Amino acid sequence: MDAPTKQRGLARRIFRGFAILVMLGVLGIAALLFSLWVEHRSAITLPAPTGAFAVGRAIYDWTDDANVDALAPVAGTKRELLVWIWYPAAAGQSAATDEYLPAPLREEVERDLGAVLGGLLTRDLSKVHSHSVRNADVSPQERTYPVVIMRAGASSEVWNYSTLAEDLASHGYIVVGFDAPYRTSVVVFPDGRVMRRTPENNAELCEGQEQTQRERCVSRVLTAWIADIAFVLDRLEGLNTSDPLGKFKARLDMTRVGVFGHSLGGATALQFCHDDSRCKAGIDLDGQPFGSVIQEGLHQPFMFVLSDHTREADAETRQIKANIQSIYDHLPPDGRLQIAIRGANHFLFSDDGALLKSHILMRTLHALGVVGIDGRRQLAVTVYSLHSFFDTYLKGTGVSPLKISSPLYPEIQVLE
């Protein structure tokens, strides 16, 4: 065979090889898209709560007539919050579990996600099932229940942490989360008003700025969230005294209040517990500290729960770890804990850990080192850590100080 013939034969084989690779690539992409489409249309249920109580859920629209919302685009606008309450429910009620999201809110969330992200790359929210019963009676098993305030990460909606809220409620806590216009991604009030976050209140945009500017940028939003928590506690005290519906009257133990949050919500919990003595115990889920608490510390029992940062060694990460350690060192020795969850990802402390789609995608993220454990497993470790800490420091049912290590959760690494 002459050289030109050999070259033509080689060229044909290379072309056929590329054609096969392209065909396999196209088939692989088509298979992935089909898999995502099927998953999008498939029903899925959040992880089951691990406690003994059934879970109820109620939603309120609360307006603060005494104070304005400092981050509202129109001066003089009163603070208004959409408040979600998960709580131990009376057993044996026939009411069906509530929708994961009320339909008007679901429609706005899906509109924001858009056709590709909302229609293919995420779950159909109408097919996500939770475990909460709408407006059920509070369980009579205990006279009162401790209260836990829950803050979402940055601009995320609080409903996206339903797994954590439902689990705590099942262990005998009244869990209160809330969203705020102009700083939560989207809020839909019961009367149909839709309010979205304004760009200047987007804490994510603070990233990348010089440190002093970033801290000033974050501080605006952080200060508003802290004031919101104080207002919510005021309203809960009023609800405990005189609930027009009678549901929560004299059922909230306002002497046992915990606060926790994820990411910026964790930083908010940390600074609020520094500022307000009504906080009796707090937890920061992988949140970078901000504010005076870094220098001044706090006196309540507090736990830091970190995702897996072993691959991060940049100067900013070292400084964040140093700030956390500084606060930790000044906490009461019998009321402090700092743990890391091996393999955990920062973004999977929310319901996304349960809803993240596609085994192909998960295997890819695992191969790249983005995730080290299954999202549902991360949530299982997290809910165990949350209720164990609050059981010890709000209920006093554990051995103090808390020994959180467990053979059931070897992913927990206790840090000092």
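No hydrogens, no waters, no symmetry mates; every other heavy atom, side chains included, goes into these values. Nothing here was measured: the structure is a model prediction, and the numbers come from that model.
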Point to revise | Whether H131 side chain and L46 backbone form a donor-acceptor pair below 3.5 Å | key: yes

Review point. Do other residues, nucleotides or ligands put more than 12 heavy atoms under 6.0 Å from the NZ atom of K249?
Key: no

**Study point:** Side-chain donor/acceptor of D69 to backbone N/O of T77, under 3.5 Å
**Key:** no

Review point. Should the heavy atoms of other residues, nucleotides or ligands under 6.0 Å from CZ of F347 be counted, would the total exceed 12?
Key: no

Practice item. Please name all residues satisfying salt bridge (charged side-chain N to carboxylate O under 4.0 Å, His left out) with D308, sequence neighbours left out, ordered by chain then number. Key: none

Practice item. Looking only at non-hydrogen atoms, find the nearest pair between Y161 and G153 and report the distance. Key: OH-N, 3.2 Å

Practice item. Look at the aromatic rings of H171 and H387 and report parallel, tilted or perpendicular, splitting at 30° and 60°. Key: parallel

Review point. Which heavy atom of N201 sits nearest a heavy atom of L71, and at what distance?
Key: ND2-O, 3.1 Å

Check your understanding: Any chance NE2 of H299 has more than 12 other-residue heavy atoms, nucleotides or ligands included, within less than 6.0 Å?
Key -> no

Exercise for review: Just jot down the side-chain hydrogen bond (donor to acceptor under 3.5 Å, both in side chains) partners of Q325, sequence neighbours excluded, or say none.
Suggested key: D329, Q338

Practice item. Run the numbers on T97 and H129 for side-chain hydrogen bond (donor to acceptor under 3.5 Å, both in side chains), then give the verdict. Key: CA-CA 8 Å; T97 54; H129 302 292; 5.9 Å; no

Point to revise | L306 side chain near L415 side chain, heavy-atom distance below 4.5 Å | key: yes

Practice item. Classify the angle between the aromatic ring planes of F349 and H262 as parallel (below 30°), tilted (30 to 60°) or perpendicular (above 60°). Key: tilted

Review point. Checking side-chain hydrogen bond (donor to acceptor under 3.5 Å, both in side chains) for the pair R197/S155: CA distance, chi angles, key distance, verdict?
Key: CA-CA 8 Å; R197 178 194 60 198; S155 302; 3.1 Å; yes

Exercise for review: For the pair F248 and Y87, evaluate ring pair (Phe, Tyr, Trp, His ring centres under 6.0 Å) and give the outcome as yes or no after the intermediate values.
Suggested key: CA-CA 10 Å; F248 293 108; Y87 54 91; 5.2 Å; yes

Point to revise | side-chain contact (heavy atoms from CB on, under 4.5 Å) partner of V305, the single match among D286, L386, I341 | key: I341

Check your understanding: Mind checking what makes side chain to side chain contact (heavy atoms under 4.5 Å, CB included) contact with R106, not counting sequence neighbours?
Key -> E99, L101, A103, E110, L125, S126

Review point. So Y145 and F53, would you call those rings parallel, tilted or perpendicular, with 30° and 60° as cut-offs?
Key: perpendicular

**Study point:** Any donor-acceptor N or O pair under 3.5 Å, side chains S132, D98
**Key:** no

**Study point:** Shortest non-hydrogen contact from L81 toward A180
**Key:** CD2-CB, 3.6 Å

Exercise for review: Taking all heavy atoms of R220 and all of E200, pick out the closest pair and write down the distance.
Suggested key: NH1-O, 3.1 Å

Exercise for review: Assess K395 against Y173: is NZ or CZ under 6.0 Å from the centre of the six-membered ring, and within 45 degrees of the ring's axis?
Suggested key: yes

